[in-house]
There are 2 protein chains.
Amino acid sequence: MTKDSSRPRKPKRGQTREALMAAALDLVVKKAPFSSLSLREVTKRAGVVPTAFYRHFPDMSALGLTLLDESFRTLRQMMRQVRQEELPNERMLRGSIETYFNYVRNNRAHFLFVAKELFGGTPTMRNAIRREIRMFTNELAMDMARFPFLNHVNAEDLQMMAGLVVNNVTALTQEMLELEEDDDYGQQQVLQTAEKQLRLIYFGVGQWKSSNASS
Amino acid sequence: MTKDSSRPRKPKRGQTREALMAAALDLVVKKAPFSSLSLREVTKRAGVVPTAFYRHFPDMSALGLTLLDESFRTLRQMMRQVRQEELPNERMLRGSIETYFNYVRNNRAHFLFVAKELFGGTPTMRNAIRREIRMFTNELAMDMARFPFLNHVNAEDLQMMAGLVVNNVTALTQEMLELEEDDDYGQQQVLQTAEKQLRLIYFGVGQWKSSNASS
DNA sequence: GCATTTCGTCAACATCTGTTCACTAAAAAA
DNA sequence: TTTTTTAGTGAACAGATGTTGACGAAATGC
């Protein structure tokens, strides 16, 4: 009986970790929130046996945190790049927005993952995400502090303004994620809305007087 | 053999439906998103046997939709009440905000449920929620259209402005829900931020000129 | 009063879950 | 090379899951 002399049935060795992460991300995109994925489901999609999972992660929540880290690592570096491009003014707005939303478009899976975990995840997960968002807010506030025309605005109010921007961009991102991947018209629509809304905020900021309580 | 002559072991009859809904809501608050609740879990907490579930709902997702309806029914009526209280101006802001956030505080469970389903739920669920939110946005835009000082703003831009407000209030609501129920300081903080942010938007709206494309 | 429908219980099923343990092929270290 | 460590497989477990069907008590209709 001619036994099959070549047996590279599992030629991939050392790539299982990445396969697991990709599988999980995939399932999140086209099925359910991460919190409701089962270990077996993920391993099945990754093409490995369930027990192989434990060679790479102690449990599902560890996978989740790793995925979260991956999601934000690339996002952070993009944000840094956007921030040091130009000094902000009304003209810069459009460019930044386009850069950001293009990034969202090209990293749909990661954003979907984060969006679903922002509320559906474990407390640990939720806190991690909120910490990142707060960090973005802080950085934005610091950037704004460097504008001459915002000199008279105190730190607390700068934080408030940055929060307003971040809240809105977050909401628009979620709106964008709900659209079909090929719905170019809808995406353009969201982008235009975003630009207008940020410009409106920009106007409001110009009118703001920090010291007022009720005068 | 003295048999127990009184056997009111399950004296509650006809209240199971409410018990199931309450149980589900309870579990959502202190455990996990609705999507990850199991039928057995819910019935156990409701104090009934799993099969009793089917007397009231065909499956879990039906329960979810009912819960969603309940959540929005009370919210809608409150919004209507707030809207017809006064004509909006800067002074009205504080009152409306307080009313709204008090309502959030008193209906924590329902809001938590909605927040977690907004992204974690099934497509059906998500669409239902987004439709409600869009309705609020539309109503707000219609209210704004009645202000004299917004006469020169076209319908599309009114929609955009209303969207900005709703986005932000939604985000702040979520922030509020993340706080402990007895964290009075934190809640007050969010409320103050909300007021400032809405006032800033109010300023921006005052500066807005609809017709401008780039001039 | 009796008949019927409503509504909850109980037992049982097939399926899926996370996790264990022993085993082995491949890769790295010696 | 030989040895050791790494990273996969496979069988098996106890428990939880959704759903079925037959049964009975309470509520309702007549």
Side-chain angles (χ1 to χ4, degrees), chain A residues 3-24 26-28 30-67 117 120-122 124-125, chain B residues 1-24 26-28 30-67 117 120-122 124-125:
Chain A
K3 247 182 30 190
D4 189 7
S5 58
S6 72
R7 51 219 165 316
R9 277 175 299 182
K10 286 288 168 188
K12 341 173 180 178
R13 171 126 182 160
Q15 308 175 20
T16 305
R17 185 186 163 97
E18 285 72 17
L20 287 170
M21 292 177 63
D26 222 53
L27 286 169
V28 167
K30 65 184 60 159
K31 224 212 77 179
F34 179 81
S35 5
S36 71
L37 295 186
S38 77
L39 184 149
R40 290 181 106 103
E41 220 172 352
V42 173
T43 55
K44 181 179 293 181
R45 176 157 225 118
V48 272
V49 96
T51 51
F53 184 93
Y54 297 100
R55 300 289 178 195
H56 304 278
F57 304 98
D59 54 24
M60 281 293 286
S61 89
L63 207 195
L65 288 176
T66 308
L67 231 31
E117 290 309 293
T122 63
T124 310
M125 197 81 94
Chain B
M1 56 293 284
T2 58
K3 246 180 33 185
D4 190 7
S5 58
S6 71
R7 50 216 166 319
R9 277 174 299 183
K10 286 287 165 186
K12 339 174 181 179
R13 173 130 179 157
Q15 307 174 19
T16 306
R17 186 184 162 97
E18 286 73 15
L20 285 170
M21 293 177 61
D26 222 54
L27 285 169
V28 167
K30 66 185 59 162
K31 224 212 76 179
F34 178 81
S35 5
S36 72
L37 295 186
S38 77
L39 185 150
R40 289 180 108 103
E41 220 172 352
V42 173
T43 56
K44 181 179 293 181
R45 179 161 220 109
V48 267
V49 95
T51 51
F53 184 92
Y54 296 100
R55 300 289 180 195
H56 304 276
F57 304 98
D59 54 23
M60 281 292 287
S61 90
L63 207 195
L65 288 176
T66 308
L67 230 33
E117 290 310 293
T122 63
T124 311
M125 195 81 94

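Lettering follows sequence order; numbering is per chain, from 1.
- The side chain of B/H56 contributes an N or O atom lying less than 4.0 Å from OP1 or OP2 of C/dG8.
- The CD atom of B/Q15 sits 9 Å away from the P atom of C/dG8 (whole-angstrom rounding).
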Distances under 3.5 Å only, N/O to N/O: pair up the protein atoms with those of nucleotides 4-6 of chain C.
{"residue": "C/dT6", "atom": "O2", "partner": "B/R13", "partner atom": "NH2", "Å": "2.2"}

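- Distance CZ (A/F57) to C1' (D/dT6): 16 Å, rounded to an integer number of Å.
- Taking the side chain to side chain contact (heavy atoms under 4.5 Å, CB included) definition, one finds that A/A62 meets it with A/F57, A/P58, A/D59, sequence neighbours left out.
- With rounding to the nearest 0.5 angstrom, the CG atom of A/L20 is 6.0 Å from the NE2 atom of A/H56.
- Atom OG of residue A/S35 and atom CG of residue A/L37 lie 7.5 Å apart, to the nearest 0.5 angstrom.
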Criterion side chain to side chain contact (heavy atoms under 4.5 Å, CB included) on A/E117 and A/L67, from CA distance to verdict: CA-CA 11 Å; A/E117 290 309 293; A/L67 231 31; over 6 Å; no
Restricting both atoms to N or O, compile the protein contacts to nucleotides 20-24 of chain C shorter than 3.5 Å, with distance only.
none

Collect all protein-nucleotide pairs involving nucleotides 14-17 of chain C in which both atoms are nitrogen or oxygen and the distance is under 3.5 Å.
{"residue": "C/dT17", "atom": "OP1", "partner": "A/S38", "partner atom": "OG", "Å": "2.8"}

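- Remark: C1' of D/dT17 and CZ of B/F53 are 13 Å apart, rounded to the nearest angstrom.
- In terms of heavy atoms, B/F34 sits closest to B/A24 at CE1-CB, 4.3 Å.
- A pairwise comparison of heavy atoms in A/S36 and B/S36 identifies CB-CB, 4.5 Å as the closest pair.
- Within the structure, salt bridge (Lys or Arg N to Asp or Glu O under 4.0 Å) contacts touching residues 47-58 of chain B (residues at least two apart or in different chains) do not occur.
- The distance from atom CE of B/M60 to atom CD of B/E41, rounded to the nearest 0.5 Å, is 8.0 Å.
- Protein atom CG of A/D59 is 7 Å distant from nucleotide atom P of C/dT19, rounded to whole Å.
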Donor-acceptor contacts under 3.5 Å from residues 44-51 of chain A side chains, at least two apart:
{"residue": "A/R45", "atom": "NE", "partner": "A/D26", "partner atom": "OD2", "Å": "3.3"}

